[in-house]
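Have a look at the structure below before the remarks.
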Amino acid sequence: GNSVTQMEGPVTLSEEAFLTINCTYTATGYPSLFWYVQYPGEGLQLLLKATKADDKGSNKGFEATYRKETTSFHLEKGSVQVSDSAVYFCALTITGNQFYFGTGTSLTVIP
Amino acid sequence: GAVVSQHPSWVICKSGTSVKIECRSLDFQATTMFWYRQFPKQSLMLMATSNEGSKATYEQGVEKDKFLINHASLTLSTLTVTSAHPEDSSFYICSAQGQGGSPLHFGNGTRLTVT
């Protein structure tokens with residue numbers, strides 16, 4: 001079946017620290033991979049995506065590379081800010097409409 | 001940009017009562033809407049998919065008579081939790097998609113607590 005496993009939180013980092021949130025997946029077909037972010041009190045927003053192997057998605061300083069050989073899509077940012085505090089969800093879709101989500105990882109960045 | 005409005009953001013109700021959650025697409029026509037549920041420390045799980053004007057398609061294990069979904073227009077879908085019980089307490093979130101595989105947009109979610 002299709003599923004996403006992501007690193008459990010919560011994660012607490014100091015400002016300007018390096019961030020990695022691990023995400024691995026299983027899929028029956030050729031998935032597109034996504035990272036969504038949910039800021040406090042808001043809905044999920046698309047952060048970045050990659051639609052095929054070796055693609056790199058990037059946005060707002062965040063990056064993730066679609067690694068088919070390791071079935072991974074780890075989220076990274078070189079220097080986090082307080083404003084990055086949020087919950088991050090890794091997700092995949094095969095069909096483009098039905099999504100499979102990870103459990104979410106809460107990130108808190110302290111000044 | 002496209003916005004999906006979900007209301008209410010939180011609700012507390014007594015066991016046995018029904019609760020309706022609304023999901024509206026504000027500046028696009030949502031041909032398909034999805035309802036998810038998230039229990040603490042678990043993934044968002046898809047409950048059902050609804051296309052405007054059609055009956056919703058429920059995922060395995062989701063009781064269609066308990067979770068009534070209506071998608072009567074291209075901008076509104078509702079989820080009604082009927083005869084709610086404490087085990088229905090969860091975070092419910094909707095998402096909406098326009099035509100042609102356009103991006104998915106999420107609502108803010110509804111925190112339901114049944115006492």
Side-chain angles (χ1 to χ4, degrees), chain A residues 1-11 21-52 57 59-60 73 75 86-107, chain B residues 1-10 21-26 30-52 54 56-62 71 90-111:
Chain A
N2 302 310
S3 67
V4 174
T5 302
Q6 71 179 93
M7 169 180 166
E8 283 195 26
V11 174
I21 301 177
N22 290 339
C23 171
T24 56
Y25 68 90
T26 58
T28 54
Y30 300 96
S32 294
L33 303 174
F34 301 78
W35 277 100
Y36 281 85
V37 57
Q38 185 176 32
Y39 297 105
E42 299 183 17
L44 273 69
Q45 301 173 25
L46 178 62
L47 179 60
L48 54 84
K49 67 177 183 181
T51 57
K52 61 182 188 299
N59 185 24
K60 299 182 181 179
F73 193 55
L75 182 68
V87 179
Y88 294 81
F89 292 89
C90 185
L92 71 82
T93 184
I94 304 290
T95 61
N97 46 35
Q98 184 166 350
F99 279 65
Y100 299 86
F101 288 87
T103 54
T105 301
S106 175
L107 169 67
Chain B
V3 176
V4 172
S5 172
Q6 187 172 340
H7 178 81
S9 55
W10 60 272
I21 302 169
E22 292 188 349
C23 181
R24 293 180 184 273
S25 58
L26 298 184
T31 51
T32 308
M33 286 191 173
F34 305 87
W35 288 94
Y36 292 84
R37 177 172 56 186
Q38 185 183 30
F39 292 109
K41 297 189 178 181
Q42 296 186 26
S43 301
L44 275 75
M45 299 299 296
L46 180 65
M47 299 175 66
T49 302
S50 72
N51 293 294
E52 185 265 339
S54 303
T57 301
Y58 290 80
E59 295 299 304
Q60 192 172 9
V62 178
H71 190 170
S90 187
F91 183 70
Y92 294 86
I93 191 165
C94 70
S95 64
Q97 187 175 40
Q99 291 182 331
S102 54
L104 206 59
H105 299 281
F106 286 84
N108 287 3
T110 298
R111 175 74 60 192

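All values reported here derive from a predicted model rather than from experimental measurement. A, B, ... follow the sequence lines: proteins, then strands. Residue 1 opens every chain.
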Which atom of [X] lies closest to which atom of [Y], heavy atoms considered:
X        : Y        : answer
A:Gln38  : B:Phe91  : NE2-CZ, 3.8 Å
B:Ser43  : A:Gly102 : OG-C, 3.4 Å
A:Thr103 : B:Gln38  : O-NE2, 3.4 Å

Item to check | Aromatic centroids of A:Phe34 and B:Phe106 separated by under 6.0 Å | outcome: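 When the ring centroids of B:Phe106 and A:Phe34 are compared, they turn out to be at least 6.0 Å apart.
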Item to check | More than 12 heavy atoms of other groups within 6.0 Å of A:Gln98 CD | outcome: yes
Checklist entry - Near B:Met45 CE, under 6.0 Å, is it more than 12 heavy atoms from other residues, nucleotides or ligands? => result no
Checklist entry - Atom CG of A:Leu44 and atom CG of B:Leu44: how far apart are they, to the nearest 0.5 Å? => result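 With rounding to 0.5 Å, CG (A:Leu44) is 6.5 Å from CG (B:Leu44).
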Next on the checklist: Determine whether A:Phe99 and B:Tyr36 satisfy the following criterion, side chain to side chain contact (heavy atoms under 4.5 Å, CB included), listing intermediate values before the conclusion.
Outcome noted: CA-CA 10 Å; A:Phe99 279 65; B:Tyr36 292 84; 3.5 Å; yes
Checklist entry - Where does B:Phe39 contact chain A at under 4.5 Å (heavy atoms): side chain, backbone, both or neither? => result neither
Next on the checklist: So for B:Leu104, is it side chain, backbone, both, or neither that comes closer than 4.5 Å to the heavy atoms of chain A?
Outcome noted: both
